[in-house]
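Below: one structure, written as structure tokens.
In what follows, chains carry the letters A, B, and so on, assigned in the order in which the sequence lines appear, proteins first and then strands, with residues in each chain numbered from 1.
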There are 2 protein chains.
Amino acid sequence: MHGKLQRKTGHLLNAEPLADFKVGVDNVIFSVDTDQNRLLVLLVMRHDAPYCGCWSLPGTLVRQGESLEDAAYRVLSEKIRVNNLYLEQLYTFGGPDRDPREEEDSYGVRYLSVSHFALVRFAEAELIADGVSGIAWYPLAQVPTLAFDHAEVLAYGYQRLKNKLEYSPIAFDVLPDIFTLGDLYQLYVTVLGEGFSDYSNFRARLLKLGFLEDTGNKTSRGAGRPASLYRFDADAFELLKDKPMVFI
Amino acid sequence: MHGKLQRKTGHLLNAEPLADFKVGVDNVIFSVDTDQNRLLVLLVMRHDAPYCGCWSLPGTLVRQGESLEDAAYRVLSEKIRVNNLYLEQLYTFGGPDRDPREEEDSYGVRYLSVSHFALVRFAEAELIADGVSGIAWYPLAQVPTLAFDHAEVLAYGYQRLKNKLEYSPIAFDVLPDIFTLGDLYQLYVTVLGEGFSDYSNFRARLLKLGFLEDTGNKTSRGAGRPASLYRFDADAFELLKDKPMVFI
DNA sequence: CCAAAAGTGTTTACAGTACACCCATGT
DNA sequence: ACATGGGTGTACTGTAAACACTTTTGG
């Protein structure tokens with residue numbers, strides 16, 4: 001963070017000039033459609049150059065006075081209305097020539113992308129169609145060719161999603177407050193694929209962790225025995241969070 | 001990545017103007033002094049405003065045509081000569097007001113920092129003293145107050161170091177080609193603290209993984225039984241890398 | 001011979017896997 | 001009654017944790 005100052009000190013007088021950047025934020029927004037057992041990514045259609053007519057991850061350029069995280073939340077809220085979500089920074093892509101505008105502008109401006117990863121509750125997510133721009137949930141297997149380096153960003157985000165599910169409680173940010181263990185299991189299966197674990201073992205492991213509170217209520221959904229409804233006990237979880245924990 | 005274009009579409013005409021950025025790279029560079037059993041971080045003394053006279057992480061601003069990773073390697077090579085190292089991107093800090101220059105300049109330029117994390121081989125690391133700037137290895141426990149938000153960056157890097165040691169083979173990037181299991185164990189103890197594991201259990205676990213090749217040679221260092229010398233077999237490791245693996 | 005470091009083995013406890021089986025509901 | 005999903009239990013296997021013990025060196 002002090003290359004400019006170093007050049008004053010002498011030995012770097014012939015250094016290349018500094019790059020000027022616009023900083024973008026691109027979001028990999030996942031949701032799980034538990035009715036159809038599908039993992040979905042939110043994509044938007046571009047209506048301007050570059051990559052006009054191409055699908056891309058929802059993104060924006062960071063404004064004056066706006067933090068990276070604020071920008072990430074802004075993109076999200078411009079595209080969908082949602083109350084429950086998990087969001088974190090993913091990775092920063094900043095190589096030269098990753099954005100065609102760098103050549104056109106010829107001002108030497110670089111475009112850098114700080115990607116973010118989000119998981120939202122599908123049931124309550126309401127897409128904001130602004131009449132012009134296309135916006136849609138895509139099943140992961142059917143994602144079309146994406147603009148920029150967004151295919152790479154998406155792959156990175158998918159990896160992070162799978163890892164996060166294994167050792168952190170993000171699933172509960174996206175489940176209803178009250179849920180059955182079947183709901184939870186189905187979410188894991190949809191993301192990680194069948195055969196990541198037996199249901200009864202999954203069940204036993206999760207319950208033994210001790211932060212799932214049985215509400216005492218039950219729900220009946222069609223045929224089959226009614227399922228107990230559980231609540232995620234954030235306080236109980238806090239006490240255990242320093243200890244390594246596997247949800248597998 | 002298309003906020004500018006969106007504004008043309010109408011509903012965002014009154015949006016805030018975009019921020020212009022300089023992008024910096026700050027490195028958290030660790031090494032392990034196995035003689036004195038100390039975990040060290042590389043710090044440099046600042047000789048210009050802001051934070052003049054304050055210690056900071058080694059960093060620089062990204063130049064035209066330079067990738068983030070290139071910039072990270074450049075900072076590193078300007079400060080130390082080293083042949084073996086591990087380096088990866090850590091996190092991007094980009095909030096407004098994280099750099100005092102943002103106010104002085106009054107051009108509205110923002111300073112963003114893409115932090116990187118590195119682990120280098122201590123024995124061969126040769127600090128480059130340019131006569132003016134101070135540069136030194138600091139034991140983690142004795143790190144002074146740092147410039148900018150570098151204390152936060154350092155804390156983040158330390159966490160990453162501990163995690164990486166547990167499930168990836170970065171230790172071998174920083175050990176000599178030929179080493180004893182005692183060397184390896186000592187590195188882990190120095191970073192993770194005593195009591196992360198018993199030596200004999202650590203030993204059994206690592207050997208069972210199957211990518212440590214016994215060279216057949218032995219070394220004698222003072223009193224005690226001579227130790228077998230091992231080599232990290234990168235090919236054998238590649239075959240197993242997709243399977244989850246714990247070095248603990 | 002003794003201390004120091006390397007290396008081996010054993011015991012115990014618990015965690016993951018793969019099932020088999022019982023339970024409560026809708027149709 | 002039976003299909004369907006919820007829920008419980010068990011036997012097998014493997015691995016982590018603690019620790020006792022043997023081996024080979026220097027002094």
Quiz prompt | Heavy-atom side-chain proximity of A:Glu78 to A:Ile128 below 4.5 angstrom | solution = no

Quiz item: Which parts of residues 177-192 of chain B get close to DNA chain D, meaning a heavy atom less than 4.0 angstrom away?
Solution: none

Self-check item: Distance, rounded to the nearest Å, where B:Tyr199 contributes OH and C:dG9 contributes P
Solution: 14 Å

Self-check item: Non-hydrogen side-chain atoms of B:Leu146 and B:Val153 separated by less than 4.5 Å
Solution: no

Distance-only criterion, 3.5 Å: show the donor-acceptor pairs between side-chain atoms of residues 30-44 of chain B and protein atoms not counting sequence neighbours.
unit_1  : atom_1 : unit_2   : atom_2 : d
B:Asp33 : OD1    : B:Asp35  : N      : 3.0
B:Asp33 : OD1    : B:Gln36  : N      : 3.3
B:Asn37 : OD1    : B:Gln186 : NE2    : 2.3

Exercise. Not counting sequence neighbours, which residues clear salt bridge (charged side-chain N to carboxylate O under 4.0 Å, His left out) with A:Glu88? List them please.
Key: A:Arg160, A:Lys164

Quiz prompt | Backbone of B:Leu229 reached by a side-chain donor or acceptor of B:Thr215 within 3.5 Å | solution = yes

Run the side-chain donor-acceptor check on residues 217-224 of chain A: report pairs under 3.5 Å with partners two or more places apart or on a different chain.
unit_1   : atom_1 : unit_2   : atom_2 : d
A:Lys218 : NZ     : A:Ser228 : OG     : 3.1
A:Arg221 : NH2    : A:Asp183 : OD1    : 2.5
A:Arg221 : NH2    : A:Asp183 : OD2    : 2.9

Under 3.5 Å donor-acceptor pairs involving side-chain atoms of residues 115-125 of chain B, not counting sequence neighbours:
unit_1   : atom_1 : unit_2   : atom_2 : d
B:Ser115 : OG     : B:Tyr91  : N      : 3.2
B:Ser115 : OG     : B:Tyr91  : O      : 2.7
B:His116 : ND1    : B:Val114 : O      : 3.2
B:Arg121 : NE     : B:Val174 : O      : 3.4
B:Arg121 : NE     : B:Leu175 : O      : 3.4
B:Arg121 : NH2    : B:Leu175 : O      : 2.6
B:Glu124 : OE2    : B:Asn83  : N      : 2.7
B:Glu124 : OE2    : B:Asn84  : N      : 2.7

Self-check item: Whichever of B:Val246 and A:Ser228 has its nearest DNA chain D nucleotide further upstream toward 5'
Solution: A:Ser228

Quiz item: Tell me: CZ of B:Phe196 to P of D:dA16, nearest whole Å?
Solution: 13 Å

Quiz prompt | Sequence-distant partners of A:Lys162, salt bridge (charged side-chain N to carboxylate O under 4.0 Å, His left out), two or more places apart | solution = none

Exercise. Whole angstrom is fine here: how far is it from CZ in B:Arg205 over to C1' in D:dA17?
Key: 10 Å

Exercise. Would you please classify the geometry between the A:Tyr185 ring and the A:Tyr199 ring as parallel, tilted or perpendicular, with 30° and 60° separating the classes?
Key: perpendicular

Quiz prompt | Parallel, tilted or perpendicular: ring planes of A:Trp55 versus A:Tyr138, cut at 30 and 60 degrees | solution = perpendicular

Quiz prompt | Nucleotide-resolved protein contact map, nucleotides 18-27 of chain C, B/S/- at heavy-atom distance under 4.0 Å | solution = BB---BBBS-

Give me, pair by pair, the N or O atoms of the protein and of nucleotides 12-14 of chain C that are less than 3.5 Å apart, along with how far apart they are.
none

Quiz item: Between D:dT15 atom P and B:Leu207 atom CG, what is the distance in whole Å?
Solution: 15 Å

Quiz item: Can you check the A:Arg221 CZ to D:dT4 C1' distance for me, whole Å?
Solution: 14 Å

Self-check item: Contact residues, residues 164-172 of chain B to DNA chain D [heavy atom, < 4.0 Å]
Solution: none

Practice problem: Can you tell me the distance, in whole Å, between the CZ atom of A:Phe202 and the P atom of C:dG16? | Solution: 13 Å

Quiz item: With sequence neighbours left out, what residues match A:Ser67 under side chain to side chain donor-acceptor pair (under 3.5 Å)?
Solution: A:Asp70

Self-check item: side chain to side chain contact (heavy atoms under 4.5 Å, CB included) against B:Ala236, all qualifying residues, sequence neighbours excluded
Solution: B:Phe211, B:Asp233

Practice problem: Could you check whether the rings of B:Phe237 and B:Phe247 sit parallel, tilted or perpendicular, using 30° and 60° as the cut-offs? | Solution: tilted

Quiz item: Which part of the nucleic acid does A:Arg203 contact within heavy-atom distance under 4.0 Å: base, sugar-phosphate only, or nothing?
Solution: base

Quiz item: How close or far is atom P of D:dG7 from atom CG of A:Leu212, stated in whole angstroms?
Solution: 12 Å

Self-check item: Set of salt bridge (charged side-chain N to carboxylate O under 4.0 Å, His left out) partners for B:Arg225, sequence neighbours left out
Solution: none

